[in-house]
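Worksheet: the structure to be examined is printed underneath.
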2 protein chains.
Amino acid sequence: MDDEEASQRVLDAAEALFYERGLQSVGIDDIRSASGVSLKRLYRCFHSKQELVTAYLDRTDRRWRAALADYVRSAADHPRDAILAVFDWLGLWFAEPGFRGCAFINAHGELGEVSPAVAAATRRHKEALLAYLTQLAEQAVPGAGRALANQLLLVVEGSIVTAAVHGASGAASAGRAAAAALLDAAEMSRTARLHRD
Amino acid sequence: MDDEEASQRVLDAAEALFYERGLQSVGIDDIRSASGVSLKRLYRCFHSKQELVTAYLDRTDRRWRAALADYVRSAADHPRDAILAVFDWLGLWFAEPGFRGCAFINAHGELGEVSPAVAAATRRHKEALLAYLTQLAEQAVPGAGRALANQLLLVVEGSIVTAAVHGASGAASAGRAAAAALLDAAEMSRTARLHRD
DNA sequence: TTCCTAAGAGAACGGCCGTTCTCTAGGGTA
DNA sequence: TACCCTAGAGAACGGCCGTTCTCTTAGGAA
């Protein structure tokens, strides 16, 4: 086993444990025994727990956003459907066993004030999500994308949090319904704007 | 200083520290020195850290919901305004120095899987919030309160999370705009329903 | 004043955690 | 075979944390 594979194994174990139990509740030794990588090699690949946390958050960010974009791309042809497909994907995610909300919101709530690295990773993730939603919203309602995306972001975050606390039931479909209503409102105000000018 | 006053001081210190830094980052000794209450008395008033965490969450729940309801009651006369006033109050809260999101979402993200007491307190708080929103929504759009409240809850949670991560800017006003659009949609579908029947 | 109670201060204890160090064993090379 | 390098296992270390215990001191009752 070379360092590359060891890093992957460590990161896989860290992801599972950090996401399930939180950052501080998981010790390096838990990750060591779950990954089967020796402590010496673990510390050669990741120089500290902090570095491992950062790597966990970064990889989760990339994978999560890629999975969302892949689903939306393959599930929707029209811009409006793309936005609704976001909530379909959320529903699938919420129903996965072991779903426990947004890794970034959880990490931020736990260590956002204590660890600047965690706060920065969370901000990056949410800004990238907002940028993606803005792109979808701008395609659906040209000229109103920014404002609509800001609202959609709230609904997405709210769905995730509510699903995490209450269980999956209904959070995704309520989010989808809300998104549809917000889309309608944005489209209506756009046509009104066009008629006025 | 009697036990009653000591309990209050301890709870005040615990609230400030837990909310700012999270549950696990704050030690009993931090609370002891911040409150000026001796360790012996502290453990007489609260038999463990867990009990103190629970007391902190319970008091925060009561105070937070009372502050929201008081503001809404005094700021709005009509049901629709009451719902919008929720977001005005959120905007004031977000702007407070030291705002760091929802104490329950933070606690749940940190210890929701590890501590059943934290998970239960979070669920109670969010259910009470949903009940309150349902009551407001039912007054605003009779017959559609439940569905509207589910959507409003998502927007409220999303606003809080977004304000915590991104800073206060805009989360409350975007939430207010989204709530207005959702209210409009619910009212429109209600009048359509009335006309049809 | 003398005794008793209770409270405060903080030492002590057991345990865990992140990180480093040591010791041992094994595999490649001459 | 003899040597060296590396990696793994896990002990060791320093530090913190929740909780309990001890010692001292002050105040009230007789």
Side-chain angles (χ1 to χ4, degrees), chain A residues 1-57 106-107 109-118 121, chain B residues 1-57 106-107 109-118 121:
Chain A
M1 176 168 55
D2 61 351
D3 280 10
E4 181 55 37
E5 191 194 335
S7 293
Q8 289 303 316
R9 283 200 201 185
V10 169
L11 218 36
D12 289 343
E15 177 180 327
L17 292 169
F18 283 153
Y19 182 67
E20 182 189 351
R21 306 215 302 260
L23 269 20
Q24 292 177 98
S25 296
V26 172
I28 290 287
D29 211 57
D30 297 325
I31 295 169
R32 188 202 54 75
S33 41
S35 65
V37 171
S38 77
L39 220 46
K40 191 178 215 167
R41 200 199 274 264
L42 193 157
Y43 270 96
R44 200 195 312 139
C45 297
F46 303 93
H47 304 81
S48 68
K49 185 180 181 180
Q50 172 60 244
E51 197 172 312
L52 188 50
V53 167
T54 304
Y56 151 65
L57 290 176
N106 293 347
E110 180 174 356
L111 287 180
E113 193 67 22
V114 172
S115 160
V118 168
Chain B
M1 177 167 54
D2 61 351
D3 280 9
E4 181 55 36
E5 190 193 336
S7 293
Q8 289 303 317
R9 284 199 199 185
V10 168
L11 218 36
D12 290 343
E15 177 181 327
L17 291 170
F18 283 152
Y19 182 67
E20 181 189 351
R21 307 215 301 259
L23 268 20
Q24 293 178 99
S25 296
V26 172
I28 290 286
D29 211 58
D30 297 326
I31 295 169
R32 188 202 55 77
S33 41
S35 64
V37 170
S38 78
L39 221 46
K40 190 178 216 167
R41 200 199 277 264
L42 192 156
Y43 269 96
R44 199 194 312 138
C45 297
F46 303 92
H47 303 82
S48 67
K49 185 180 181 180
Q50 173 60 242
E51 196 172 313
L52 188 50
V53 167
T54 303
Y56 150 65
L57 291 176
N106 294 346
E110 180 174 357
L111 287 180
E113 193 67 22
V114 173
S115 160
V118 167

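Letters A, B, ... are given to chains in the order of the sequence lines, protein chains preceding strands, and every chain is numbered from 1. These values consider heavy atoms only, across backbone and side chains, with no hydrogens, waters or symmetry-generated copies.
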* To do: Could you work out which one of D/dG18, C/dT22, C/dG8 sits closest to the side chain of B/Y43?
  => D/dG18
* **Sugar-phosphate, base or nothing in reach of A/V37, heavy atoms under 4.0 Å** => nothing
* Which residue lies more 5' along DNA chain C, comparing B/R32 with A/S48 via nearest heavy atoms -> B/R32
* To do: Between D/dG18, C/dT19, D/dG8, spot the one nearest the side chain of A/S38, thanks.
  => D/dG8
* To do: Can you figure out which of C/dG8, D/dG18, D/dA11 approaches the side chain of A/L39 most closely?
  => D/dA11
* In whole angstroms, how far is the C1' atom of D/dC16 from the CD1 atom of B/I31? -> 15 Å
* To do: May I have the distance from A/L23 (atom CG) to C/dG18 (atom P), rounded to whole angstrom?
  => 11 Å
* Structure fact -> To the nearest angstrom, the CE-P distance between A/M1 and D/dG8 comes to 6 Å
* Note, A/L23 side chain near A/Y56 side chain (heavy atom, < 4.5 Å) -> yes
* Asked: What's the CG-P distance between B/L42 and C/dA7, to the nearest Å?
  -> 14 Å
* Asked: Does a salt bridge link A/R9 with A/D12, judged by any charged N lying under 4.0 Å from a carboxylate O?
  -> no
* To do: Would you mind reading off the distance between B/F46 atom CZ and D/dG18 atom C1', rounded to a whole angstrom?
  => 16 Å
* **Contact check, side chains of A/T54 and A/E51, non-hydrogen atoms, under 4.5 Å** => no
* Donor-acceptor pair, side chain of B/S35 and main chain of B/R32, under 3.5 angstrom -> yes
* Asked: In whole Å, what is the span from the CG atom of B/D2 to the P atom of D/dG27?
  -> 18 Å
* To do: Nearest-nucleotide wise, let me know which of A/Q24 and A/K40 is further upstream toward the 5' end of DNA chain C.
  => A/Q24
* Round to a whole Å and report the spacing from CG of B/D29 to P of C/dA12. => 15 Å
* **Whole-Å distance separating the CG atom of B/D30 from the P atom of D/dC17** => 6 Å
* **Side-chain-base donor-acceptor pair under 3.5 Å for B/K49 and D/dG18** => no
* Are the side chain of A/E110 and the backbone N or O of A/Q24 linked by a donor-acceptor pair below 3.5 Å? -> yes
* Between D/dA7 and A/R44, is there an OP1 or OP2 to side-chain N/O distance shorter than 4.0 Å? -> yes
* Asked: A/I28 has a side chain; which of C/dG18, D/dG8, D/dA11 sits nearest to it?
  -> C/dG18
